[in-house]
Each structure stands twice: as structure tokens, then as C-alpha cells.
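All values below come from the heavy atoms of this structure, side chains included, with hydrogens, waters and symmetry mates left out. First the proteins, then the strands, lettered A, B, ... as listed; each starts at 1.
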Amino acid sequence: MAESILKKRIGIEKEVDEFLDKVSEAGLLCKNGMNSYLQGNMDAFAQALTSIRNTEHKGDALRRSIEQDLFRKTLIPESRGDVMELLEDMDALLDRFTGLLWQFEIERPDICIEFHEDYKELLLYSVEAVEATVRSCRSFFKDINAVADHVHKVIFWEKESDKVTTRLQRAIFGRQDLRLSHKMHLRFFAKQVDRIADDAEDVSDRLNIYVIKRML
Amino acid sequence: MFAIFLTSGLFLGWSLGANDAANVFGTAVGTRMISFRRAAIFSGIFVILGAVVSGAGAARTLGELGAVNAIAGAFVVALAAAVTVYWLTTLGYPVSTTQAIVGAIIGWDLFSGALIDYGALQKIVLSWVISPILAAIFSALLYKLIAYFLQHARIHMFRLDALTRAGLLIAGIAGAYALGANNISNVVGIFVPISPFADISFMGWFKLNAAQQLFLLGGIAIAVGTFTYGKRVMLTVGAGITEMSPVAALVAVLANAVVLFLFASESLQVFLLGHGLPALPLVPVSSSQAIVGSVIGIGLVKGGRGIRWRMLGEITGAWVATPVVAILISFVSLFVLQNVFQQKTYIPVEYQLTAEAEQRIAASGIQTDRLTDLRGKIYSTASQFQKELSPRVTLKPREMNVVMSATEIDPIALTIQAVNRMNNPSITAGQKRAVLGLVGKAFTHRWQLEVALAEKSPEWKPTPGDKEQNEKIMLDLDYVCRLIRSTQ
């Protein structure tokens with residue numbers, strides 16, 4: 001019986017790992033998609049959009065399956081609430097990446113060439129922040145002592161992302177030749193990318209509390 | 001009549017199941033690692049198995065109630081203990097059923113004028129202190145050790161959850177089996193000699209003797225008690241004293257088991273001494289009190305802020321109330337049953353310093369010169385006889401036991417009917433043959449039967465130093481005497 005219980009747990013462990021892989025994958029797809037958009041390669045952008053949509057669906061399915069298992073099999077009763085919240089938060093990060101690409105698809109922002117590198121750098125930092133959050137999540141399940149190291153990196157990437165956002169906004173609003181509506185549109189996209197890093201930081205803050213609760 | 005008497009035993013079993021299952025599954029249910037339903041099912045199955053498989057073979061066949069010499073008295077004593085435990089269970093406090101039984105027996109002792117076992121009372125009081133302290137120390141140490149291991153072992157959260165759950169289930173199952181095996185005699189053991197049941201064979205596969213059938217009934221009563229009323233006490237133990245993590249829940253159960261094994265297991269002591277190893281002292285430890293101690297130990301390791309001291313105070317109050325209330329209920333109920341319902345709640349035990357008794361006392365090294373004026377006189381209760389003894393001689397508790405047992409009048413006439421009804425699996429064929437050889441003989445004192453049996457068969461002869469075997473012989477003799485009385 002203990003063996004069958006263990007097998008079931010190995011199943012859910014795999015699902016959690018796969019789910020976190022999807023979050024990480026969404027970041028990379030989002031980066032590819034935005035790069036393609038900036039290069040004007042709309043075929044590659046459309047492909048990235050399809051891929052990220054599939055990843056989001058798979059991520060949702062995995063999250064639901066994990067949550068159902070958690071409740072149906074009454075697993076980890078003392079941390080169930082925290083783990084559920086964590087999974088929801090990670091799913092929200094995955095959705096943010098998907099949402100960003102969809103906004104590019106719908107709103108088709110006209111990003112001046114001189115801002116391309118800043119946007120790329122900004123997204124890179126947000127993706128790094130999410131990557132570090134994913135690693136801290138994995139540690140939360142496997143090696144609780146290592147969570148703090150990864151959380152530290154999330155904070156670092158979020159700060160870097162803030163710096164780039166400020167710089168980019170200054171540059172956008174420093175341009176006299178752009179209409180205010182255009183400037184505001186560009187700022188909106190800069191903020192959208194930066195928000196991913198902010199959200200990743202919020203998740204890692206909550207994760208810190210879950211760690212303290214588990215240590216008690 | 002047997003059925004009516006048995007009801008109080010079954011009620012006691014029900015109360016025991018409702019309260020004591022918390023000792024084994026309380027922390028698992030309190031931390032929601034095992035659902036109450038699942039815990040109750042596993043507990044029920046293994047309590048019944050423990051009762052039928054190991055309970056019937058246990059040496060203490062008659063249980064604590066064996067001290068009560070009339071079946072109506074045993075009925076009241078069991079009822080008093082059951083009502084006490086039931087009352088405290090409804091309030092959600094984990095208490096010791098054995099202590100309630102001992103309290104109820106003291107009520108009977110007071111009512112019947114029998115000797116009060118002050119040693120048993122002392123053990124109860126000691127247990128209130130020793131059990132929680134020992135368990136708290138062990139659980140704190142174990143918790144620290146396991147926490148250190150887990151910090152470095154990097155076990156996945158879900159795998160740790162699975163291992164903890166499996167550990168809680170296995171510990172619970174083992175605890176439930178032990179609960180059934182160790183307590184069943186207290187529940188129905190007293191009714192074994194008067195059981196009308198015949199052996200039942202299940203298509204030749206296996207056989208249930210009369211004692212096992214009674215133990216099965218008692219086991220079912222315990223299981224039903226857990227299922228219908230066990231949740232409240234489980235939640236008190238598992239979540240009422242302090243919040244616990246699942247690992248802490250497992251540590252508490254393990255610490256409880258370790259303390260019971262190290263400090264209350266006579267078999268371990270015999271094993272260690274038999275192999276020339278130093279043995280730990282045997283101390284009175286109650287599982288109900290040890291599990292509370294284990295939980296406190298973990299709470300203290302975590303800084304003590306999470307412990308609900310008020311609840312702990314209430315539980316301690318319940319421990320003290322258990323024997324006191326049982327004494328009161330037992331005494332009052334015996335009075336009512338004897339005087340209102342005209343039932344014989346005890347067989348008066350008379351004491352007489354016969355020539356044989358005097359010889360036996362002198363043989364054990366006690367001076368009998370000052371007792372000469374007591375010769376031949378009959379005393380209707382133990383307390384009366386003791387009153388006469390005390391101005392004449394000063395006896396140590398052990399010496400007093402020798403004098404009392406030597407002078408106790410217990411007329412025993414062995415009949416073939418009594419021998420034919422012997423169905424206790426503890427009695428060997430050799431022992432039965434020895435009893436058969438004494439059919440037709442009558443004895444004034446019980447010890448005379450003891451001596452006669454020892455002469456007939458070495459299986460009735462106590463071996464110096466073999467405490468376990470000697471205790472078994474004494475309990476087997478108890479069973480035979482009770483059986484003879486029930487057929488007289």
C-alpha cells in the first residue's frame with residue numbers, strides 16, 4: 001500500500017514539475033514572439049502566439065489536475081492552501097506572457113527602432129525574474145533551504161527591470177516628434193512587460209511566507 | 001442474566017473505543033493526514049484482530065475487574081468506569097480507561113470492605129506526572145532529530161507527505177492492534193468464566209473458542225465506540241492542544257510508542273535482564289497521558305507559544321477526575337443495586353487464622369506469637385481483620401499481603417462440571433490434567449489449592465525468578481477459582 005501511495009505521489013511530483021516547465025517555456029516563447037514582432041517577422045510571431053496558447057492550455061490542464069489531486073486525495077493538508085495559491089500565482093505569470101503576446105497581436109504597437117533593444121532587455125529581465133521564481137518554486141517542493149537564494153535573484157531581476165522601464169519611459173517621453181497617444185501606447189507596453197517582473201516579485205514574497213510557515 | 005451483565009462490559013468497550021483510539025490515531029486525524037472515517041475503519045479492524053488473536057492468549061485474561069468477586073459487582077464496576085469515560089469523552093478529554101476501572105474497583109473495595117489497593121492509586125497519581133514528562137522529553141528529542149534529518153535530506157514535499165501518511169497509518173494500525181490486545185481483557189475478561197458460548201468452527205478453517213467469541217464482541221464494541229464517538233477526543237489530541245505539522249503528528253505517535261515500549265513493557269525488561277543487559281525501570285505509563293505529553297513536547301520545542309495551556313489544564317483536571325468520579329459512581333451504584341435491587345454485588349470474604357494459615361505465615365518468616373489470641377476467630381471483612389492485626393504486629397506491605405492471603409477463607413470444592421467448562425486457551429493440557437486430579441477435593445484457603453496443584457504438576461509450580469511465568473500461573477489460578485465459584 002505504501003508503494004502505491006508513493007507511486008501516486010511520484011505522479012503529482014511529475015505534474016508539478018511539468019507545470020513549472022510550462023511557465024518557464026511561456027517566458028521563452030514570449031521572448032521569441034516579441035523579438036519576431038520587433039523584427040517584423042509576423043509568420044514567426046503568429047507561430048509563437050500559437051505555441052504560447054498551447055502552452056497556456058497545457059499549463060491550465062496540469063494546474064487543474066494537480067489541484068484536483070490535492071483535494072481528492074487530501075494531500076499535504078498543512079500546505080495545501082499555500083500550494084494552491086502558489087500554483088494560481090504561477091499560472092497568472094504564464095497568463096501574463098500569453099496576454100502580452102495577444103496585446104501585441106491586437107494592438108500592433110508601433111515601436112520605434114531605437115527602443116527595440118530596451119524592450120528586448122526589459123522582457124529579458126522579466127523572463128529572468130520569472131525563471132528565478134520557477135526555480136524558487138521547485139526548491140519550495142524539493143529543497144526548502146534553497147528558496148531564499150532564488151528569491152534573492154528574483155528581487156535582483158525585478159530591480160533591473162525597473163531601471164530599464166524608467167530609462168525607456170524617459171526616452172519615450174523625451175521624443176518630441178511623437179504624439180502623446182503614441183507615447184502613452186509605448187509606455188503601456190513597457191509597463192505591461194515590467195508588470196511581469198513585479199508580479200514575479202510578489203509571488204516570491206508570498207513564497208517566503210510559505211517557507212516560514214513550513215519551517216514552523 | 002449473562003446478556004444483561006455483558007452489556008456493561010460492552011458499554012465499557014464502547015467508551016474505551018470512543019476515548020482511547022485518540023491515542024493512536026488522534027494526531028493523524030487532527031492534522032488531517034488521515035480522515036476520521038479511514039482512521040475509524042482501520043482502528044476498528046485492527047482492534048478486533050488484536051482482541052481476538054492476541055487478547056485471548058494474553059496472560060491477563062480476567063483483566064483488572066478480576067479483583068471483583070461477584071458478577072453483579074463486576075457489572076456495576078464496569079458500568080461506573082464506562083459512565084466516567086463516556087462523560088469525559090463527551091467533553092472531549094483524553095483519559096485513561098484503565099484508571100477509570102481501577103477507580104471503580106476502589107469504589108467496590110470501599111463498599112465491600114475489601115482491601116484497598118493503595119499501590120494502584122499511587123501508580124495512577126505517578127502516571128499523571130511520569131507519562132507526560134517522559135513522553136514530552138522523547139518527542140522533543142525525536143522531533144529535533146527528525147527536523148535536522150529532513151533539513152538535510154531534501155525529500156520532495158509530496159514524497160514526505162506520502163511517507164508521513166504511511167508512517168501514521170502503520171503506527172496507527174500497530175497501536176490499534178495493541179489497544180485491542182491489551183485492553184480487551186478489561187472489557188469482557190471478567191465474563192469469560194460465566195460465558196455460555198460454545199466453540200464455533202468456520203468450515204474447519206479456523207475455530208473461535210468461547211473466550212475469543214467474547215473478545216470478538218468486545219472488539220466490535222470498541223470499534224463501534226471509535227466510529228460513533230471517537231472524533232472529538234481525536235481532535236482534542238491532534239489539534240486542540242497545539243497546532244501540529246504532519247511530521248510532528250508522526251513524531252508524537254512514535255514517541256508515545258517508544259515510551260510505552262521502553263518503560264512499560266515487562267517483556268522488554270525480561271528480555272534485557274535475560275541477556276545480562278541493564279533494564280530500564282518499569283514505571284506506570286498511561287498511553288492516554290503519554291500522547292498528551294508527546295504533543296506538549298513538540299509544542300515546547302517550537303517555543304511553547306502555540307500551546308493552549310487552558311486546554312491542558314482542563315485535560316489534567318479530567319485525569320484527576322477520572323478515578324475520583326469512578327469511585328463515587330461505583331460506590332453509589334453498588335449501594336443502589338445491593339439495597340434497592342437486592343443484587344449480590346460482592347461475596348463477603350472472611351478471614352480466619354486457621355492452623356494451616358498460621359503455619360504458612362510462620363513459614364514465610366513472620367512471627368506469629370502475638371497472634372495466638374486471634375486463632376479460630378472469623379472476621380467478616382479484610383478491614384476488620386486488619387484492625388485486629390495492627391495493634392499486635394507491625395507488618396510491612398509485603399508481609400501484610402502474606403498474612404491476608406494466608407488467612408483469607410475461600411472455600412473451594414473441585415467438581416467435574418467446573419473442569420469440563422475450562423475453555424481458556426491459556427490453560428495448558430498438563431494444567432487441566434492436574435485440576436482433574438483434584439476433583440472431589442475441597443479447600444478452605446485458595447493457597448491450599450495452589451499448593452495442591454503445584455504438587456500435581458510442574459506447570460502449576462512457580463519458578464523462582466521467572467516473573468512472567470509466575471504471573472501467568474497466578475492468573476490461570478484466578479480463572480480456575482472463578483470458574484469453580486461460578487459452578488458452585
> Could you list the residues that satisfy side-chain hydrogen bond (donor to acceptor under 3.5 Å, both in side chains) with Thr89(B), not counting sequence neighbours?
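side-chain hydrogen bond (donor to acceptor under 3.5 Å, both in side chains) list for Thr89(B), sorted by chain: Asn19(B).
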> Sub-4.5 Å heavy-atom contacts with chain A: which residues of residues 22-32 of chain B show up?
Thr31(B), Arg32(B)
> Would the number of heavy atoms belonging to other residues, nucleotides or ligands and lying under 6.0 Å from CE of Met42(A) be above 12?
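Buried by this count: over 12 neighbours within 6.0 Å.
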> Atom CD1 of Ile76(A) and atom CZ of Arg165(B): how far apart are they, to the nearest 0.5 Å?
9.5 Å
> At what distance, to the nearest 0.5 angstrom, does CD of Glu78(A) lie from CE of Met33(B)?
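Rounded to the nearest 0.5 Å, the CD-CE separation comes to 7.0 Å.
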> So which residues of residues 119-146 of chain A are in contact with chain B at a heavy-atom cut-off of under 4.5 Å?
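Residues in range: Phe140(A), Phe141(A), Lys142(A), Asp143(A), Asn145(A).
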> More than 12 non-hydrogen atoms from neighbouring residues, nucleotides or ligands closer than 6.0 Å to CD on Glu67(A), yes or no?
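Correct, the count exceeds 12.
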> Carefully, step by step, assess Met157(B) and Val16(A) under the rule side chain to side chain contact (heavy atoms under 4.5 Å, CB included).
CA-CA 11 Å; Met157(B) 183 194 264; Val16(A) 169; over 6 Å; no
> Counting neighbours of CZ on Arg310(B) that are heavy atoms of other residues, nucleotides or ligands and sit closer than 6.0 Å, is the number greater than 12?
no
> Identify the residues of residues 145-156 of chain B whose heavy atoms come closer than 4.5 Å to a heavy atom of chain A, ordered by number, or report 'none'.
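So the qualifying residues are Gln151(B), Arg154(B), Ile155(B), His156(B).
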> Taking everything shown except Arg167(A) itself, do over 12 heavy atoms lie less than 6.0 Å from its CZ?
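Yes, CZ of Arg167(A) has more than 12 neighbouring heavy atoms, counting only those of other groups under 6.0 Å.
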> State whether the side chain of Asp161(B) and the backbone N or O of Leu75(A) hold a donor-acceptor pair below 3.5 Å, judged by distance alone.
no
